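Proteins get letters first, then strands, A, B, ... in listed order; numbering begins at 1 in each. Keep in mind the model is a prediction, meaning the values are calculated, not measured.
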There are 2 protein chains.
Amino acid sequence: MSNNRISMAVIRRLPKYHRYLRELLDKGINRISSKELSEIIGFTASQIRQDLNNFGGFGQQGYGYNVEDLYNEIGLILGLTNTYSTVIVGAGNLGQALANYNFGTHGFKLEGMFDVNPKLIGLKIRDIEIKDMDLLQGEIKNKNIDIAYICTSKDAAQEVADRLVKCGVKAIWNFAPIDLKIEDENIIVENVHLIDSLLTLSYFLKDQ
Amino acid sequence: MSNNRISMAVIRRLPKYHRYLRELLDKGINRISSKELSEIIGFTASQIRQDLNNFGGFGQQGYGYNVEDLYNEIGLILGLTNTYSTVIVGAGNLGQALANYNFGTHGFKLEGMFDVNPKLIGLKIRDIEIKDMDLLQGEIKNKNIDIAYICTSKDAAQEVADRLVKCGVKAIWNFAPIDLKIEDENIIVENVHLIDSLLTLSYFLKDQ
DNA sequence: TGCAATTAGTTAATTAATTGACAAATAAAT
DNA sequence: ATTTATTTGTCAATTAATTAACTAATTGCA
């Protein structure tokens, strides 16, 4: 099942399936065909069937898919049955925003926040106290942190990443506008490059 | 030049070229070959040449590319010589974070912030006062706003989008975890679905 | 000046991703 | 119970994206 030949294109569609299936569940819909799903999600029915079949035959001919089962299966594929411990590094506006997002409901438990700014240190966001960056390594090892969200400035990000990797973080969710250089290929790095997104918008706007 | 047969894959690489060229410029490097660029940016040299050639022949055989010229050309392609007026709708943590990002330096001038929360209304972020959401339509028309950043909750996002479109906004940068339904095909919608990004990270983490 | 090295632009080949088509299984209707 | 509708899983066809190969231009050095 956890076949690593699955293409990135497919993987990046999985959260969207998960999102739409959650909505269907909430509406009390318990059965859906690839054709119906295609109409609400905007992928072709063929693509939906192809995508899902990468992970197993979750449907039934003549019936379609059971919404709850499929939702759970995709949750499983995405690893949402696991619980991960996380920290936020850089507790400025963005870091605080992420703290308030409460990804904990999806299994990402926030265990700490760190910053260098004395004005922020000591502040509490949702019961999490912002601590001095000097305490980063110790706490990460202590609390066995899996994922770090980097919300520092561009200039601080690489150094922070190096420290994180050194103390055994498994994944980095990077919001700094830089491509981190990480030697260890086993460390997962997922970037959210806001400026890239905005410039893409700008590209399309220009032609209007 | 503004050929709209350019593939999305190419377009989404443009901001990354722009970012790396800026870095080269800052380092005082004024000449680069596709091969050298490929080594720092991580695309193949062939892909770099293909990508750039979608927009014109910016290089010179035997020489490579002039960094400053190429940087400017890509800036032009991305529409960064234009100035756009923007507003933030939803002035919670994320909205405030975006206000502080200061995208104004890239030509995206923040002209207003709006929220329904009385505790936020009146507050000033970087000289921009958060105003009552009721004033949204009027100000958008008044100030001829081009782009709105939607930073509201999932539940409020669609209604906000409808109102924005009605008063002539040209593009929406959407941070709410929902796919907005916009009738008018000319309206640009660029999504930043944080949860999708985090779930993708989770997918890869699960297999480790 | 002439020659080897470099390098873009471009075409061709390859690989990847998406869409289409259809058999087999199931559900629903009569 | 039989027939007709659906609808998946899968394979084939198509389209898109990436990589490789090559030509011609330019550079830089002897």
Engineer: For C:dA28, does either OP1 or OP2 sit under 4.0 Å from a side-chain N or O belonging to A:R31?
Structural biologist: yes
Engineer: Just by distance, do the side chain of B:H193 and the backbone of B:F175 share a donor-acceptor pair under 3.5 Å?
Structural biologist: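 Here the side-chain-to-backbone pair does not exist.
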Engineer: C:dA24 phosphate, OP1 or OP2: any side-chain N/O from A:Y63 under 4.0 angstrom?
Structural biologist: no
Engineer: D:dA24 phosphate, OP1 or OP2: any side-chain N/O from B:Q61 under 4.0 angstrom?
Structural biologist: no
Engineer: Taking the nucleotide of DNA chain C with the closest heavy atom to each, which residue, B:G64 or A:G62, is nearer the 5' end?
Structural biologist: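 Between the two, 5'-proximity favours B:G64.
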Engineer: Heavy atoms under 4.0 Å, any strand shown: does A:S46 hit a base, just sugar-phosphate, or nothing?
Structural biologist: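 Result for A:S46 = base.
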Engineer: I want to check one thing: is the phosphate of C:dA17, taken as OP1 and OP2, less than 4.0 Å away from some side-chain N or O of A:R13?
Structural biologist: no
Engineer: Which base, if any, makes a Watson-Crick or G-U wobble pair with C:dC22, both distances under 3.5 Å?
Structural biologist: D:dG9
Engineer: If the cut-off is 4.0 Å, is A:R5 near the phosphate of C:dT15, judged by side-chain N/O to OP1 or OP2?
Structural biologist: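 For C:dT15, OP1/OP2 do not have a side-chain N/O of A:R5 under 4.0 Å.
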Engineer: Establish, with yes or no, whether the OP1 or OP2 oxygen of D:dT19 is under 4.0 angstrom from a side-chain nitrogen or oxygen of B:T44.
Structural biologist: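 Answer yes for this pair, as a side-chain N or O of B:T44 is under 4.0 Å from OP1 or OP2.
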Engineer: With a 3.5 Å distance limit and no angle check, can you tell me whether B:K181 reaches the backbone of B:Q158 through a side-chain donor-acceptor pair?
Structural biologist: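 Not at all, since once roles are kept as given, no pair shorter than 3.5 Å links the two residues.
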Engineer: Does A:Q60 have a side-chain nitrogen or oxygen under 4.0 Å from the phosphate oxygens OP1 or OP2 of D:dT8?
Structural biologist: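 Looking at the OP1 and OP2 atoms of D:dT8, neither is under 4.0 Å from any side-chain N or O of A:Q60.
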